[in-house]
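Report on one structure; see the data block that follows.
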Protein chains: 2
Amino acid sequence: MYKKNKRSYIREILDATDENTISFAGGLPDKEFFPLLELSKASKKVFKNANCLQYTKSQGIESLREKIAKIYTEKFDFPTTKDDILITTGSQQAFDIILKSLDCNEIIVEKPSYIGALGAFKVLDKKINGFNKIAELNDLLNKKNILYTISDYQNPSTKTYSNKKREKISKILDKKESILIEDGAYCFLNFKNKVKDPISKSYRNSFHLGSFSKIVAPGLRLGWIRASKENISSLLFAKESLDLHTSTFNQMLIDEYLNSNDLFKHINKINKEYFKKMNFMSMCFKKYISSFSFKKPKGGMFIYGSFNEDSMLLAKEALKENIAFVPGEVFYIDEKSNEARFNFTNTSCKDIEKGIKTLASIVNK
Amino acid sequence: MYKKNKRSYIREILDATDENTISFAGGLPDKEFFPLLELSKASKKVFKNANCLQYTKSQGIESLREKIAKIYTEKFDFPTTKDDILITTGSQQAFDIILKSLDCNEIIVEKPSYIGALGAFKVLDKKINGFNKIAELNDLLNKKNILYTISDYQNPSTKTYSNKKREKISKILDKKESILIEDGAYCFLNFKNKVKDPISKSYRNSFHLGSFSKIVAPGLRLGWIRASKENISSLLFAKESLDLHTSTFNQMLIDEYLNSNDLFKHINKINKEYFKKMNFMSMCFKKYISSFSFKKPKGGMFIYGSFNEDSMLLAKEALKENIAFVPGEVFYIDEKSNEARFNFTNTSCKDIEKGIKTLASIVNK
């Protein structure tokens with residue numbers, strides 16, 4: 001009677017690892033940069049108001065939605081009001097909410113794509129189709145399906161669409177009238193603190209997903225959907241049937257944090273540190289496993305490349321030596337691959353070197 | 001392209017009300033009894049550990065699962081370990097997780113039933129069938145469907161199954177091999193602090209849902225599912241695809257709260273206060289709207305009864321006068337009803353009297 005759904009390899013790895021594992025597997029931010037003190041201070045204020053523990057509205061608390069709207073208006077010159085924002089329990093929840101609200105059975109995704117999105121599509125029995133080149137979208141998209149993209153520092157490929165490519169995608173969308181789900185989880189994580197306009201800005205029938213997980217802290221499970229007011233209101237039934245609303249306390253906590261802290265100053269700090277770690281990991285690969293082929297990313301939290309060896313086998317061997325990384329094939333719908341994803345944000349430089357050295361000894365066995 | 005799903009009347013009322021509304025509509029606990037100070041104190045400890053802001057395991061943090069397991073073992077003499085518990089983002093989320101993990105298309109519910117459950121079933125396009133009397137389950141249940149019950153202080157009817165009825169249901173389940181989802185949201189809210197054994201204790205293929213919303217605070221969105229270890233592991237794929245995991249911070253916060261506070265002492269206090277409010281509301285009904293027919297509940301947060309008038313019309317008229325309650329028909333799948341549900345926990349005695357007096361003037365117009 002139980003459906004046979006395979007769990008995400010990444011979540012399984014996370015469950016299998018312990019404090020002795022050097023993990024390059026998850027998309028975990030560096031906890032050294034969590035604004036622990038600032039949030040702790042904010043919580044003191046929040047706890048003065050008993051409403052922080054009460055039920056609240058399904059769409060989310062207004063002042064937080066206003067602040068998120070302001071980010072779109074100011075950072076992307078993308079006019080947005082609080083009515084265009086729905087607060088979600090992590091960006092992950094957005095997939096489920098949107099798919100349940102639409103009468104769509106097919107999703108077109110990049111090859112490779114984010115494993116959490118693939119899982120959310122699968123659990124709702126959606127058909128998933130992939131594309132390599134943008135031109136393929138001309139054949140793949142239609143009025144009845146959805147395009148899912150991660151425009152910035154794609155997970156796992158680390159690629160970012162140029163403005164030209166964004167324009168090209170938006171033109172195809174215009175012609176085909178598909179719905180766009182654009183995942184902006186990493187859009188602020190550019191090592192030079194630059195941002196690119198989301199495709200959603202030039203295509204109305206779109207949902208832009210945002211998250212505090214990578215820029216503040218994932219443990220609060222706070223994300224959002226940005227869409228037109230009408231499209232947002234079409235989502236409320238699915239949202240309320242899922243968890244009534246996202247934690248009131250967590251919403252008020254981030255809201256209060258944003259009242260007294262400069263979010264983008266904090267993001268700039270993270271980007272600076274992540275840039276250093278990315279460079280260090282690159283250097284280690286070149287030094288110890290020169291056969292691992294990759295391009296340095298311009299932002300985000302991962303290095304993605306390919307081995308000459310079977311990366312799935314390699315990942316399994318590595319796990320035995322307490323090293324975790326993600327073999328590329330789990331990011332494909334049904335394809336073999338010797339690619340692999342390495343997270344550089346959640347490990348100290350010392351452990352990055354130790355981990356890659358150990359991995360090198362397995363590769364060279 | 002958008003599905004046409006009607007939002008829950010209750011969530012719509014909650015969205016429509018403001019600080020001037022006297023609301024008997026939601027299932028909101030009395031915020032006066034939220035352990036604000038205790039949680040604030042706990043948060044100080046939690047914020048000392050940066051892991052509170054990091055991603056965590058999909059099943060939930062171990063020490064909280066252990067504590068919940070202990071409640072089953074000690075309060076119900078129902079042997080339970082941490083492996084039998086999955087932490088959910090509010091009890092509401094449990095419906096979605098369980099239904100997505102099972103190959104079942106029909107749910108059998110009490111008439112009337114909890115509107116949030118009905119919504120969660122509808123959004124997944126499940127067929128819903130209702131029953132009035134337990135004997136009907138002999139015809140309705142089969143190997144391929146699910147029985148959903150709220151055994152204690154049912155929402156909205158406020159009824160509790162006697163031990164004899166629980167036995168009867170469990171015997172039918174044994175014979176028919178259906179799956180049981182037993183909602184225990186109110187199971188500790190007995191005015192005399194007594195608990196009854198859940199049906200799940202005597203039927204293995206069951207999911208017992210629990211929640212901190214009514215006994216600590218709903219704003220944290222923390223609930224759980226209790227099932228056999230094997231059944232719990234069948235749920236993990238759906239859980240992780242929904243929101244990866246429930247907020248780490250909120251789990252650690254409740255865990256720390258439970259370390260230094262006596263939960264059942266707190267629950268006893270709530271029950272004592274709720275009993276007073278229930279009696280006061282009963283008295284007001286008898287005094288001002290004697291035609292409203294109801295039985296005093298033995299626990300929970302509602303008075304449920306029936307009017308001689310059309311309760312849907314009455315609710316709409318009342319809302320114009322800033323009084324909110326829920327007309328009974330929204331708790332039925334497809335049936336008219338003049339019943340109505342009144343929450344007594346979220347309103348001061350002064351406002352309870354004022355609200356019912358105003359309602360009386362509408363009834364007597």
Side-chain angles (χ1 to χ4, degrees), chain A residues 1-3 5-8 11 14-15 26 28-29 31-32 34 36 39-40 43-44 47 50-58 89-90 92-93 96 100-104 116 119-120 122-124 143-144 179 217-221 234 236-238 240-250, chain B residues 1-3 5-8 11 14-15 26 28-29 31-32 34 36 39-40 43-44 47 50-59 89-90 92-93 96 100-104 116 119-120 122-124 144 179 217-221 234 236-238 240-250:
Chain A
M1 194 149 190
Y2 289 89
K3 288 190 186 172
N5 271 313
K6 250 186 87 180
R7 290 191 63 200
S8 138
R11 301 298 303 169
L14 288 182
D15 282 3
L28 278 69
K31 69 180 180 187
E32 294 296 314
F34 290 155
L36 209 54
L39 284 168
S40 173
S43 81
K44 267 183 212 159
F47 270 123
N51 288 332
C52 74
L53 296 174
Q54 189 57 286
Y55 287 113
T56 188
K57 295 178 181 184
S58 300
T89 305
Q92 178 71 28
Q93 196 192 43
D96 193 77
K100 275 187 190 151
S101 306
L102 296 172
D103 201 9
C104 267
K122 274 182 206 160
V123 89
L124 287 169
K143 235 180 168 167
K144 298 213 101 190
I179 283 184
L220 299 173
R221 308 309 301 120
S234 301
L236 296 179
F237 179 73
E240 76 188 22
S241 77
L242 253 189
D243 59 3
L244 305 183
H245 61 79
T246 295
S247 164
T248 323
F249 179 81
N250 299 21
Chain B
M1 191 152 193
Y2 288 90
K3 288 190 187 172
N5 270 314
K6 251 186 86 181
R7 290 191 63 202
S8 137
R11 300 299 303 169
L14 289 182
D15 282 4
L28 280 69
K31 69 180 181 187
E32 294 297 315
F34 290 156
L36 209 55
L39 284 168
S40 173
S43 80
K44 267 184 214 161
F47 271 124
N51 288 332
C52 73
L53 296 173
Q54 189 57 287
Y55 287 112
T56 188
K57 295 180 180 183
S58 300
Q59 194 170 344
T89 305
Q92 178 70 29
Q93 196 191 43
D96 194 77
K100 274 185 187 153
S101 307
L102 295 173
D103 201 10
C104 267
K122 275 182 205 161
V123 90
L124 287 170
K144 297 213 104 191
I179 283 185
L220 299 174
R221 309 309 301 121
S234 302
L236 295 179
F237 179 74
E240 76 189 21
S241 77
L242 253 190
D243 60 2
L244 305 182
H245 61 80
T246 295
S247 166
T248 323
F249 179 82
N250 299 20

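Not measured: the values here are computed from a predicted model. Chain identifiers are assigned alphabetically (A, B, ...) following the order of the sequence lines, protein sequences preceding nucleic acid strands; residue numbering begins at 1 within each chain. These numbers come from the heavy atoms of this one structure, side chains and all, not from hydrogens, waters or symmetry mates.
- With rounding to the nearest 0.5 Å, the separation of NZ in B/Lys100 from NZ in A/Lys122 is 14.5 Å.
- Interatomic distance, CG of B/Leu242 versus CG of A/Leu242, reported as 5.5 Å (0.5 Å rounding).
- Rounded to the nearest 0.5 Å, atoms CG (A/Leu244) and OG1 (B/Thr89) are 11.0 Å apart.
- Atom CZ of B/Arg221 and atom CG of A/Asp243 lie 6.0 Å apart (nearest 0.5 Å).
- Nearest heavy-atom pair across B/Gly219 and A/Ser247 is O-OG, 3.0 Å.
- For chain B, the option among A/Gln54, A/Lys143, A/Gln93 with the highest count of heavy-atom pairs below 4.5 Å is A/Gln54.
- Taking each heavy atom of A/Ser241 and B/Val123 in turn, the nearest pair found is OG-CG1, 3.5 Å.
- If you measure heavy-atom distances from B/Leu39 to chain A, the contacts under 4.5 Å come from both the backbone and the side chain.
- Note that CG of B/Asn51 is 10.0 Å distant from CG of A/Leu36, once rounded to the nearest 0.5 Å.
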Next item on the list: Check step by step if side-chain contact (heavy atoms from CB on, under 4.5 Å) holds for B/Glu240 and A/Gln92.
Entry: CA-CA 9 Å; B/Glu240 76 189 21; A/Gln92 178 71 28; over 6 Å; no
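- Residues B/Tyr55 and A/Lys31 have side chains not in contact (no heavy-atom distance under 4.5 Å, counting atoms from C-beta outward).
- The two residues B/Gly119 and A/Phe237 come nearest to each other via the heavy atoms O-CZ, 3.9 Å.
- When each of B/Leu102, B/Leu220, B/Leu124 is scored by its heavy-atom pairs under 4.5 Å with chain A, the top score falls to B/Leu102.
- Closest of all the heavy-atom pairs between B/Ala50 and A/Phe34 is O-CD1, 3.6 Å.
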